[in-house]
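I have placed the structure first, in the form of structure tokens, so that the comments after it can refer back to it.
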Amino acid sequence: MQPKEKRRILITSALPYINGIKHLGNLAGSQLPADVYARFQRLRGHEVLYICATDEHGTPAELAAQDMGISTQAYCDRYHEIQKELGEGFALSFDWFGRSSSDENKALTQHFAHALEANGLIEERTSKQVYSVDDGRFLPDRYVEGTCPHCGYEKARGDQCDNCGRLLDPVDLKNPYSAVSGGTNIEIRDTKHLFLLQSKMQGEIRNWVEASTDWPQLARSIALKWLDEGLRDRAITRDLSWGVPVTRPDGSVRPGFEDKVFYVWFDAPIEYIAATQEWASAADGDWESWWRTDQGAADVEYVQFMGKDNVAFHTVSFPVTIFGSGEDWKTVDKLKAFNWVTWYGGKFSTSNKRGIFMDAALELLPADYWRWYLMANAPEGSDAGFTLEGFQAAINSDLANVLGNFVNRITKYTVSKFDGALPAAGTPGDDEAWMAAELKKSLAEISAHYEAMEFRKAAAETRALWAAGNEYLTRAEPWVKYKSDVDAAAIGVRTGLNLVALFAIVAQPLIPNTAKTILDTLGVPNENRNWPSPDDDNLLDALPHGLPITAPPVLFQKIEDAMVEEWTEQFGGEPIEA
RNA sequence: GGUUCGGUAGCUCAGCUGGUUAGAGCGCACGACUCAUAAUCGUGAGGUCGGGAGUUCAAGUCUCCCCCGAACCA
């Protein structure tokens with residue numbers, strides 16, 4: 001096979017909002033698959049840059065901080081650290097995990113606004129906003145509550161009614177009051193805001209979407225739906241203090257916008273680029289070679305991972321900003337959208353104590369257990385239900401019995417019958433040829449699935465390869481041959497031990513920690529842990545003869561029924577009432 | 001309401017541009033083996049592919065209608 005050209009792959013996963021701890025579904029829908037993909041491509045020898053960040057602006061963060069009685073800055077500092085640590089806990093291999101509140105993002109957001117305005121795509125408009133006399137400020141979105149004009153629910157938020165689910169304009173609320181002070185002295189006043197004239201970009205965006213034939217069906221249909229309905233001009237500023245200040249090109253505050261900032265949906269995606277700048281500053285990297293097509297980024301493959309709720313922003317809104325700037329920015333090439341993971345068919349909910357969240361998960365079991373199940377059951381075709389029973393079955397069968405036991409049986413046998421050294425004797429026969437053929441086929445299939453970002457299939461084929469290893473041992477039966485011909489047994493043991501290493505190498509994208517444990521135990525050097533080529537005829541005899549072998553500790557503990565019962569009690573396993 | 005996606009063995013799901021006896025994993029039954037985390041390997045049972053009509057030599061796979069579920073609608 002010809003050596004593959006080294007590709008440069010830029011990967012971003014949707015930015016988790018700063019508010020609170022994310023649940024397993026949030027993890028499975030963008031950060032985790034992005035990580036698996038990044039790890040795979042690194043193992044293939046490609047140059048990968050995996051970028052993520054917390055999305056920190058917007059009213060929910062401010063209100064949450066207020067509830068805790070701390071500043072929004074302090075709140076974001078705290079939750080950024082928590083999310084960063086949880087990401088590390090789940091072995092998410094970000095090259096950089098940034099913050100949308102960074103100086104880089106402020107500067108870049110302002111830069112884009114100036115460029116857009118220079119191109120006639122931003123204009124000031126006067127609109128009516130809810131003003132609280134008691135608080136002396138305008139009340140955007142959730143800062144105002146009142147009675148829903150549609151259903152009469154009395155605690156509807158300014159942007160959306162939690163009862164009937166309809167989106168609202170704050171000025172339409174009946175009996176409005178301030179969510180800050182409770183004050184009812186409310187007026188509707190005129191105020192200026194910046195509007196992004198998305199309607200002017202309609203044609204250009206449509207051409208781009210229609211040319212992007214590689215996108216999955218889900219993404220294309222969502223993007224075209226928005227375009228069919230017509231892009232609307234949207235306000236990109238809000239009456240808040242926490243966010244990116246609205247400036248003029250000379251850096252001074254824009255007159256009339258002293259108490260306003262850019263709205264979160266405008267600055268958040270720009271953070272993909274700004275976070276790369278943050279990475280460049282910290283790691284002495286060249287961010288422009290990843291993002292500026294006039295600075296070396298033309299050959300970059302840009303892959304975005306996101307939940308389906310984010311597709312429109314990535315395929316339409318953010319491209320308006322990018323294309324509207326008139327500058328040479330890299331745009332997305334491939335994108336992968338995920339459906340939701342549900343908890344027994346219902347929603348994860350902190351307040352209702354339904355579902356396992358990222359922090360709780362790591363207290364129960366190591367990250368690899370969750371990573372395996374979430375990817376083997378990724379919500380790719382439709383929503384996927386998380387159940388503890390399904391989790392238990394997958395862990396016990398796939399990880400403990402098929403992989404864990406395989407490693408255990410062959411390493412222990414080597415210790416007891418071959419003095420803990422990889423045997424050099426014996427010559428490969430039919431069984432080894434069969435295994436080599438299985439391996440070759442499996443490696444090609446797993447690679448193809450990862451390349452296509454089909455994570456369920458990649459996991460299933462990885463498992464099938466492990467199972468083939470067990471079948472091989474049944475065929476080779478070294479424990480039988482040992483009685484009459486030690487050399488004939490030796491080839492089975494040697495092949496089995498090489499399979500252990502290969503299984504771990506191939507498992508690295510999905511279960512990196514366990515894979516490392518296995519490879520460390522075998523003493524496989526880092527440079528030999530790259531993705532194997534199906535055309536390498538020496539794969540089953542790659543480990544050095546005489547290599548000392550010890551049995552690693554039990555790799556996966558089984559999940560007992562009692563644990564499932566306990567967790568069901570703790571996390572609410574009952575199906576949701578219709 | 002509109003749009004989109006789903007409804008395939010007990011469970012979770014594969015089935016590309018229509019074409020031999022509809023597949024996998026789990027679960028279940030039986031058998032084999034004993035190196036191993038009571039693990040593993042093999043065999044088998046089980047499906048009128050949501051319902052109805054149509055196109056075709058041929059439909060799970062295309063068209064229409066209906067039922068059910070989910071999501072999205074800035």
Side-chain angles (χ1 to χ4, degrees), chain A residues 159-160 165-167 169 196 198 216-236 263 265-266 307-313 315-317 320 337-340 342 345-347 373 376-387 389-418 449 452 454 456-457 459-464 466-483 489 492-493 496-497 500 551-560 578:
Chain A
D159 55 350
Q160 186 172 19
R166 301 178 76 147
L167 297 170
D169 186 325
L196 180 60
Q198 300 194 110
Q217 180 185 38
L218 179 65
R220 274 175 70 79
S221 63
I222 290 174
L224 290 171
K225 175 81 187 321
W226 273 40
L227 290 162
D228 288 344
E229 292 178 357
L231 297 186
R232 298 179 205 169
D233 301 337
R234 287 193 76 193
I236 56 169
Y263 194 41
W265 77 260
F266 184 70
K308 58 186 169 183
D309 57 327
N310 260 320
V311 170
F313 284 100
T315 57
V316 177
S317 301
V320 166
F338 287 86
N339 292 282
W340 305 133
T342 62
K347 287 183 179 172
Y373 179 80
N377 298 281
E380 291 178 313
S382 62
D383 290 353
F386 186 101
T387 64
E389 292 77 10
F391 179 61
Q392 176 191 31
I395 298 309
N396 292 354
S397 172
D398 302 343
L399 296 187
N401 293 347
V402 176
L403 175 62
N405 180 60
F406 178 84
V407 174
N408 195 42
R409 66 193 293 204
I410 193 67
T411 50
K412 277 195 173 168
Y413 190 72
T414 307
V415 169
S416 70
K417 301 292 188 187
F418 287 87
H449 289 143
E454 300 249 37
R456 276 182 184 246
K457 289 179 181 172
E461 188 56 37
T462 300
R463 191 205 116 99
W466 298 337
N470 281 308
E471 187 180 346
Y472 165 74
L473 286 185
T474 300
R475 288 166 177 253
E477 51 183 8
W479 48 88
V480 172
K481 290 174 180 165
Y482 186 83
K483 295 168 188 166
V493 171
L497 289 169
V500 169
V554 167
L555 297 170
F556 300 99
Q557 295 289 348
K558 289 193 188 181
I559 299 172
E560 307 295 337

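Residue numbers begin at 1 in each chain, while the letters A, B, ... track the order of the sequences. What you see below is based on every heavy atom in this structure, not just the backbone, and it leaves out hydrogens, waters and symmetry mates.
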Taken in chain and number order and not counting sequence neighbours, the residues that satisfy side chain to side chain contact (heavy atoms under 4.5 Å, CB included) with A:Trp466 are A:Trp372, A:Leu399, A:Val402, A:Leu403, A:Thr462, A:Arg463, A:Phe503, A:Ala507, A:Ile511

Paired to B:G18 by Watson-Crick or G-U wobble criteria (both distances under 3.5 Å) is none

Expressed as a whole number of Å, how far does the P atom of B:G7 sit from that of B:C16?
11 Å

A:Glu477 CD to B:A39 C1', in whole Å, measures 17 Å

pair_partner(B:C49), Watson-Crick or wobble, both distances < 3.5 Å, evaluates to none

Taking a pair to mean Watson-Crick or G-U wobble geometry with both distances below 3.5 Å, B:U12 pairs with B:A24

Tell me whether A:Glu471 is salt-bridged to A:Arg475, with the criterion being a basic N under 4.0 Å from an acidic carboxylate O.
yes

**Item:** Base B:A39 paired with A:Asn401 side chain (donor-acceptor, <3.5 Å)
**Value:** no

- prompt: Does the ring of A:Trp479 lie flat against the base of B:C35, closer than 5.5 Å centre to centre with planes under 30°?
  reply: yes

One should read off an interatomic distance between A:Ile410 CD1 and A:Phe418 CZ, to the nearest 0.5 angstrom, of 8.5 Å

pair_partner(B:U40), Watson-Crick or wobble, both distances < 3.5 Å, evaluates to B:A32

Of the listed B:C41, B:A74, B:C26, the closest approach to the A:Ala393 side chain comes from B:C26

Does A:Lys457 have a side-chain nitrogen or oxygen under 4.0 Å from the phosphate oxygens OP1 or OP2 of B:G15?
yes

Quick check on B:C26: is either OP1 or OP2 less than 4.0 Å from any side-chain nitrogen or oxygen of A:Arg463? yes

### Message
Classify A:Gly230 by what it touches in the nucleic acid, base, sugar-phosphate, or nothing, heavy-atom distance under 4.0 Å.
### Response
base

* Could you check whether A:Arg475 gets within reach of a base, just the sugar-phosphate, or nothing at all, counting any heavy atom under 4.0 Å? => nothing

Checking B:U12, B:C35, B:C72 against the side chain of A:Asn377 (C-beta onward), the nearest is B:U12

Side-chain contact check for A:Asn405: nearest option of B:A39, B:C72, B:C41 is B:A39

Regarding the side chain of A:Lys558, the nearest nucleotide among B:U37, B:C35, B:C73 is B:U37

Rounded to whole Å, the NE2-C1' distance (A:His449 to B:C13) equals 14 Å

Phosphate OP1/OP2 of B:C13: any A:Arg456 side-chain N/O under 4.0 Å: yes

B:C35 and B:A14, which share atom name P, separated by this distance in whole Å: 41 Å

### Query
Looking at A:Lys412, does any N or O in its side chain come under 4.0 Å of the phosphate oxygens OP1/OP2 on B:U37?
yes

dist A:Asn310:CG -> A:Trp265:CH2 (nearest 0.5 Å) comes out at 13.0 Å

Of A:Leu555 and A:Val480, the one whose nearest nucleotide on RNA chain B sits closer to the 5' end is A:Val480

Between A:Asn339 and A:Lys308, a side-chain donor and acceptor under 3.5 Å | yes

Using Watson-Crick geometry (N1-N3 plus N6-O4 or O6-N4) or G-U wobble (N1-O2, O6-N3), each under 3.5 Å, B:G1 is paired with B:C73

